[in-house]
Amino acid sequence: MIISKEKVLKALSTVDDPDLKKDLVTLGMIQDIVIEGDKLSFKVVLTTPACPLKELIKSKCVEALEKEFGETIELDIFMTSNVTTIRDNAPLLPKVKNIIAVASGKGGVGKSTCSSNLAVALAATGAKVGLIDADISGPSVPTMFNVEGEQPAVKQENGKNIIIPIEQYGVKLMSIGFLTPADSAVVWRGPMASSALKQFIADVEWGELDYLLIDLPPGTSDIHLTMVQTVPVTGAVIITTPQKVALADATKGLSMFKQPQINVPVLGVVENMAYFTPEELPENKYYLFGKEGGQRLAKKFEVPFLGEIPIVQSIRESGDSGFPAVLKEGVTQKAFTELAETVARQVAIRNAERNKTKIVQVNT
């Protein structure tokens, strides 16, 4: 049988992206088709390098082509990715494809731990990632990345001072902790804290990024309003623990993003400290803070449940030592890697199905 580009596309139009529920040809994922006799090569351009379904999609392509042309066909399929975006012609952060807010509602639920490990896990897949520590009064990111003593460089560009972010573990970082002495408290009123966040967004050389994560302070404060008034946020990730008191506050945080005047898509809920697992007994699970509270919250608001993160000693040790848990083999690496994959998939689904987020106009 003669192999033609038309027949190749026809065969591959039977293969769907499991997340976007459309075929690869319609989605424009099939590129650079080259035919030489019985040899066929092409690229499959996925929506994220963190796609966990890469091998499944590849095997479905092989299956469809062998059905069309027979098993003697010689295939060279190159799986690559191009993270999707709906942030076209953005005046601020024009080279940043997706801005993800990480929020809780309550302090102490491990939001900064989740933000840090999520950022490192996404970078480990090959994505370009940045992380803004927006908790002005309690910055944790410098400690979690073992860069407490670092100070960012500053350069002049068109008469304006531009901050060069600190880079660690493949992630570009910005935090008030880099700009103030480690032992001093930042006692600022709301407008000053908001001004600092605006500077972290507008006056830092972020360059090209697939994902910029913003680690928000607890609650629903000036900082949250400043963020949604400054940049259109692609989506929000809500962190909670399973117990009632954390869920009550997480509900408020989630509700804020869903308010009509704010209208930021909620990518989903993460249940942190879901259960305790002793290192020597990895099969044992002890539900110290209750069970499945995050799942119930996601179900109540009809948003995706992004996954469970266990509470284990190595996560605390990693936070203290500044070497993220996702870089160490074990149950935490698996949990955070799966979380990164799920978040990346939800970003791709959100970009395919929903309109652009608009900058919020809030009269205060």
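All values below were derived from every heavy atom in this structure, side-chain atoms included, with hydrogens, water molecules and symmetry-related copies excluded. Here the structure is a predicted model, which means the values were calculated and not measured.
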Sole residue of T47, T234, N98 in side-chain hydrogen bond (donor to acceptor under 3.5 Å, both in side chains) with N351: N98
Where Y211 and A344 come nearest, the two heavy atoms and their spacing: OH-CB, 3.6 Å
Under-4.0 Å salt bridge between K160 and D203: yes
Spatial distance of atom CD1 (I132) from atom CG (L197) [nearest 0.5 Å]: 6.5 Å
Partner of F257 by side-chain contact (heavy atoms from CB on, under 4.5 Å), out of V264, V303, L267: V264
Least distance between heavy atoms, G290 atom then P242 atom: O-CB, 3.6 Å
Partner set under ring-ring contact (aromatic ring centres under 6.0 Å, His included) for F276, not counting sequence neighbours: none
Smallest separation among heavy atoms of D210 and A127, with atom names: OD2-CA, 3.5 Å
Nearest atoms (heavy-atom pairs only) where I2 meets F69: O-CE2, 4.1 Å
Residues K10, E6: salt bridge by 4.0 Å N-O rule: no
Basic-acidic side-chain contact under 4.0 Å: K155, E205: yes
Nearest non-hydrogen partners of K97 and T84, listed with the distance: CB-O, 4.3 Å
For T26, side chain to side chain donor-acceptor pair (under 3.5 Å) partners two or more places apart: D23
Salt bridge (Lys or Arg N to Asp or Glu O under 4.0 Å) evaluation trace for E338 with K334: CA-CA 6 Å; E338 287 176 358; K334 184 173 184 288; 2.9 Å; yes
Where T113 and N117 come nearest, the two heavy atoms and their spacing: O-ND2, 2.9 Å
I86-V233 co-clustered via ILVMFWY side chain contacts under 4.5 Å: no
Residues that, via side-chain heavy atoms closer than 4.5 angstrom, fall in one hydrophobic cluster with Y287: Y275
Distance, nearest 0.5 Å, that separates CG of D16 from CG of L24: 7.5 Å
